[in-house]
Every structure is written in structure tokens, then in C-alpha cells.
2 protein chains.
Amino acid sequence: MVHHRAASHKLDAVTAAISHRTRRAIIDRLARGPARISDVAQPFAMSLTGFCKHVRVLERAGLVRRTRRGRNNTLELSPQPLRKVAHWVLQYEQFWNNRLDRLEQFFAQQNQKAQENQKES
Amino acid sequence: MVHHRAASHKLDAVTAAISHRTRRAIIDRLARGPARISDVAQPFAMSLTGFCKHVRVLERAGLVRRTRRGRNNTLELSPQPLRKVAHWVLQYEQFWNNRLDRLEQFFAQQNQKAQENQKES
């Protein structure tokens, strides 16, 4: 139970971390490779202080690692926690797929009807 | 751009909605079928008012539909927004898989070494 709760806390932090488009954009940038924090911050229309708050949320969720080398802070993607999100959400894959299956069935039936009508006419 | 922003707002709402274990537990319960709000609330150690706040977050994210029939409110899972989360997170699947590939490679090499050592001895 304790272990389950810890895993749940972790999933809370990771899903909250990815619930802001700026933080998703940082993940997207770091997926192309590690980079200096000032270079990652540059395209975002916000103060470096504001940007660093987002980085800290990602660090706490275990999604980003920061290496301090004097004034050159380097950020690196740490993708493993995203796997937990994928694992949780893919439990429900059958539910959105079932609906798609029903839609496909519907269109297949419509198609069959149209072909039958063509034969009859 | 407007469309992209709207999609991003939506993903913000859905990921924020699933960032609380109570809301994930509600989704899990409704995956077993639609149910009356009072029945869904019953196992949770919180007031109905507190519970309803969580339901409203899920409704706003499009994850739950509520049907009002007098005093019998029924809740139903609406799984489609979870698909968007899966789509976003699976973009990064290669990053956690690459690491697994490297681990597999490592164990395969260890195995090969062990077999070679056996032959030599």
C-alpha cells in the first residue's frame, strides 16, 4: 500500500508537470538533445526566473536533469517517468478503440448497403 | 496556430485532470461502466461536495459525462481525451525504449561473455 501510494504521488507529479504547454515545449526541445538552460529559455517569451520555475517543476517530477558547471547549467531529458504516464493511460486504450471499432463497423455496413443498392438498381 | 493553441489548452486540462489520484480512481471506476454519482462517491473518504469538485474537473476536461435525471445523477466515462495524452506521451517512447535497448544489449553481452568463459574453462 505504501509502495502503491508512492507510485501514485509520483504519477501526480509527472502528470501535473506535463499539464503546462511551456513544460511540454521544454520536453520537446530536450528530446533533440541536452542544452544550456539559457539556450532552452531563449525562444520563450518570459523572464529567466519564470522559465526556471517551470524547469524546477520538471526536475521535481524527474523529467529533467540539471548539470551545474559554474554558470553553464545544462538540461537533459530524463524520459523514464513518461513511461509511467503511457502505462497508466494505455490501460484505457480499449475504450477509445472500441468506439473506433464501432465507427468502422458502421461505415463498413453503410458501404455494404450502398453496394447492395447499386446491384439492385 | 489558433487550432494548435486550442489543442494545447485541451491537453493542459486533460493532463491536469488526471494529475490527482482521486480523479484517476474515478476514471478507473467508470471504466467498469456508468454509475450513479452517489455510488461512485461512496468508497472515497471525503464529503460529497469535495467529491463533486473532482467530478467537475473531469467534466471540464471532457473525461466524464454527467446525465441528470432528477436526483439520480449518472456518470459515464468519456475516454477520447485520454487518447490525446497517449498520443503526446508516445512521441517520446523511443527515448525510454532506447535505454531499454541498451540494457538488453548489455545483458546479451554479459551472457555471451559467460558462455565464452564456460567454453574456455
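Heavy-atom basis, side chains included; hydrogens, waters and symmetry copies ignored. Below, chain A is the first sequence line, B the second, and so on; all start at residue 1.
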Working for salt bridge (Lys or Arg N to Asp or Glu O under 4.0 Å), residues B:Glu59 and B:Arg65: CA-CA 6 Å; B:Glu59 278 184 285; B:Arg65 264 191 304 265; over 6 Å; no
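- Annotation: the span from B:Arg23 atom CZ to A:Asp12 atom CG amounts to 8.5 Å, rounded to 0.5 Å.
- Put simply, OG on A:Ser38 and CZ on A:Phe51 are 9.5 Å apart, with the number rounded to the nearest 0.5 Å.
- Among A:Val14, A:Val85, A:Leu11, the residue with the largest count of heavy-atom pairs under 4.5 Å with chain B is A:Leu11.
- Interface summary for chain B: among A:Ala13, A:Ala31, A:Ala17, A:Ala16, the most heavy-atom pairs under 4.5 angstrom belong to A:Ala31.
- A:Arg24 touches chain B through backbone and side chain together, each having a heavy atom under 4.5 Å away.
- Contacts of B:Leu90 with chain A are made by side-chain atoms alone, with heavy-atom separations under 4.5 Å and no backbone atom involved.
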Chi angles and distances behind the side-chain contact (heavy atoms from CB on, under 4.5 Å) call for A:Ile18, A:Leu63: CA-CA 9 Å; A:Ile18 63 168; A:Leu63 285 164; 4.0 Å; yes
